[in-house]
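When a residue number appears, it is its place in the shown sequence, counting from 1. Both backbone and side-chain heavy atoms feed into the values below; hydrogens, waters and symmetry mates do not.
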Amino acid sequence: MIDLPATAVASGALVAAGRAARGESIYFDFLPRLSTIVFAATGPTSFDLVRPDETLEAGRTYRSPEPASLAIPAGQKTVSVFLRKEAAEHPRKATVSLGEPLHDQSRVSLWVEQKPAAGRARIFMEARDLGRNFVVDWNEAQDDARTWSEIIDSLAPRASIPNRLVLHCAHSTWQASMLAWDLKELDGRRAALSAKDWKNLSAKLQRKINNCQCISSDGELPPEIDRTDIDRLDRVTEAALEFNRARLRGEATDDRIYNEPLQFLTWQFRRCPPEVADWLLECIEKKGQLHPFTRHGQSWKLVFQGLGRIISDEAREKRAVALLLSSRIEDWDWDRQSACMAFLLSCSATAPLLLGRGDVERLVQRTIADFRLNLGTAYTKFNYAPFLLAGLLRWRLKEPMALVAGIDPLAADLLSIVEETEKDLKGRRHPEPALRKRRDKYLPILADLKAELIGEGANPDLLLDIYSASGS
């Protein structure tokens, strides 16, 4: 024990009185740490409502400096709140009744108010969208024997990621399209091919039989292809390159031929020589200036879609994504910029990783606009809207919980437009045959997109199904 002088208490009281007179704190109350669980972009994480280093001047009321923000999915009638209190043996789970099911996703804020000398903390939940406040009672919450980290791990949704789009090639497609025969015939006069010749070659490269093409989207050829036919393809490709090189140098070329050789090159997908991607990137960068590839407005479709098909390296991919995002997304065309971005995000393993949260927010708004463009119409401009949405789902490679309803607010906006589109298609009483055919192809895709947005995706080949349905 420490011997204190008889005047110790009086001296201490005098010091305290002096501090009080100067407006200084006299002593601090202890605040037990209190935590809940919130969902961040990376998944569920612990959030301190009372921080571990928090102190409070005696006699004052403590309030959490930053409330926890929670999202309640549409259709919910209750909210579960997990709590962990310092010195308590187990975490607890509190269930708050909302009354009626929510019509839309809503946000709530959770915070603590406590006056230590007055007893236990009061936990408040404010739901501004509902115009209501709730009290979360620790004493009425149920003990959960799991550790805090086990609870957090159990709340992590397992959002799926659609497989990268790969259009396969097959020897049977070469045989059915008679491409080898054409290459043999055209190779001999490759320096004098007509626009019709180039168009015919492009059409054969585009042809799909059982979802297989002559050249895969990764630029691969069927292994059965003879070396002689590969050499012929390379020589015809070189002729197409030389024709376009001459155009870019400003030299005179056959004015009956326009972009047909360029189209032939881009339908070789990633087998297309890299310099073609440079040409197309430069063409887009110089938009508004005269360019041999864009004498006609419709040529921009080939420029953007061709670029999306052929990029095969990360440097050009990064350049293309940055170039697209540097423009006003509100001014994009559904079959140009939207289509190009859809190809990049869907076909590449690395393009989705280039996006930041702000980029995704802008692209979601573009996707919604492309969906909305088709409402009440014959859906002739719908090819790339679901394609772009499914491509955005691959951002989960970077942010695993992205675009999941109840976790990411963007998912609610996308879910709403998908459901509106589904309702529009189902509500057509006497659709024209062409629309009926599109409806039958797109409704299963819309169902798969909805499943992805609520974290229940079950179709890994969603992108391939979308591409097949679009007739691209």
Would you please test Leu464 and Leu167 for side-chain contact (heavy atoms from CB on, under 4.5 Å) and show each step?
CA-CA 7 Å; Leu464 183 59; Leu167 307 176; 3.8 Å; yes

If you compare all heavy atoms of Lys93 against all heavy atoms of Ser80, which two are closest, and at what distance to 0.1 Å?
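The answer is CE-OG, 3.3 Å.
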
Taking the side chain from [X] and the backbone from [Y], do they hold a donor-acceptor pair closer than 3.5 Å?
X	Y	value
Arg396	Ala402	yes
Asp144	Arg146	yes
Arg232	Leu183	no
Asp313	Arg316	yes
Ser416	Asp413	no
Thr173	Cys212	yes
Arg164	Cys347	yes
Arg84	Ser35	no
Arg207	Ala176	yes
Lys204	Ser177	yes

How far does [atom1] of [X] sit from [atom2] of [Y], to the nearest 0.5 angstrom?
X	Y	atom1	atom2	answer
Cys272	Leu265	SG	CG	5.0 Å
Gln305	Gln337	CD	CD	11.0 Å
Glu399	Leu355	CD	CG	11.0 Å
Ser299	His291	OG	NE2	11.0 Å
Leu302	Glu260	CG	CD	9.5 Å
Leu446	Lys441	CG	NZ	13.0 Å

pair [X]-[Y]: side-chain heavy atoms closer than 4.5 Å:
X	Y	result
Leu415	Lys450	yes
Cys169	Leu221	no
Leu248	Phe293	yes
Ile215	Leu233	yes
Trp300	Ile284	yes
Leu462	Leu449	yes
Ser327	Trp332	yes

Would [X] and [Y] pass as an ion pair if we require N to O under 4.0 Å?
X	Y	result
Arg372	Glu420	yes
Asp278	Arg319	yes
Asp234	Arg271	yes
Arg227	Asp231	yes
Lys381	Asp333	no

Greater than 12 external heavy atoms within 6.0 Å of [X]'s [atom1]:
X	atom1	result
Lys301	NZ	no
Lys199	NZ	no
Glu330	CD	yes
Asp331	CG	yes

Should the pair [X] and [Y] be assigned to parallel (<30°), tilted (30 to 60°) or perpendicular (>60°) ring geometry?
X	Y	result
Phe269	Trp267	perpendicular
Phe264	Trp198	tilted
Phe343	Phe387	perpendicular

Contacts of Asn374 that satisfy side chain to side chain donor-acceptor pair (under 3.5 Å) - sequence neighbours left out:
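None.
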
Partners of Arg362 by side chain to side chain donor-acceptor pair (under 3.5 Å), sequence neighbours excluded?
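Applying side chain to side chain donor-acceptor pair (under 3.5 Å) to Arg362 gives none.
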
Regarding [X] and [Y], do their side chains bring together a donor and an acceptor under 3.5 Å, going by distance alone?
X	Y	value
Tyr379	Asp424	yes
Tyr442	Thr421	no
Gln268	Thr237	yes
Thr350	Glu314	no

Test of ring centre spacing under 6.0 Å for Phe382 and Phe371
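Yes, the ring centres sit under 6.0 Å apart.
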
List for me each residue that meets side chain to side chain contact (heavy atoms under 4.5 Å, CB included) alongside Asp226, sequence neighbours excluded, and say none if there are none.
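With neighbours one apart ignored, the set is Thr228, Asp229.
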
After noting the C-alpha distance and the side-chain angles of Ser346 and Tyr467, does the key distance pass the side-chain hydrogen bond (donor to acceptor under 3.5 Å, both in side chains) rule?
CA-CA 10 Å; Ser346 301; Tyr467 186 87; over 6 Å; no

Please evaluate residues Trp148 and Ser46 with respect to the criterion side-chain hydrogen bond (donor to acceptor under 3.5 Å, both in side chains), reporting the C-alpha separation (whole Å), side-chain torsions for both, the decisive distance (0.1 Å), and the verdict.
CA-CA 8 Å; Trp148 193 238; Ser46 183; 2.9 Å; yes

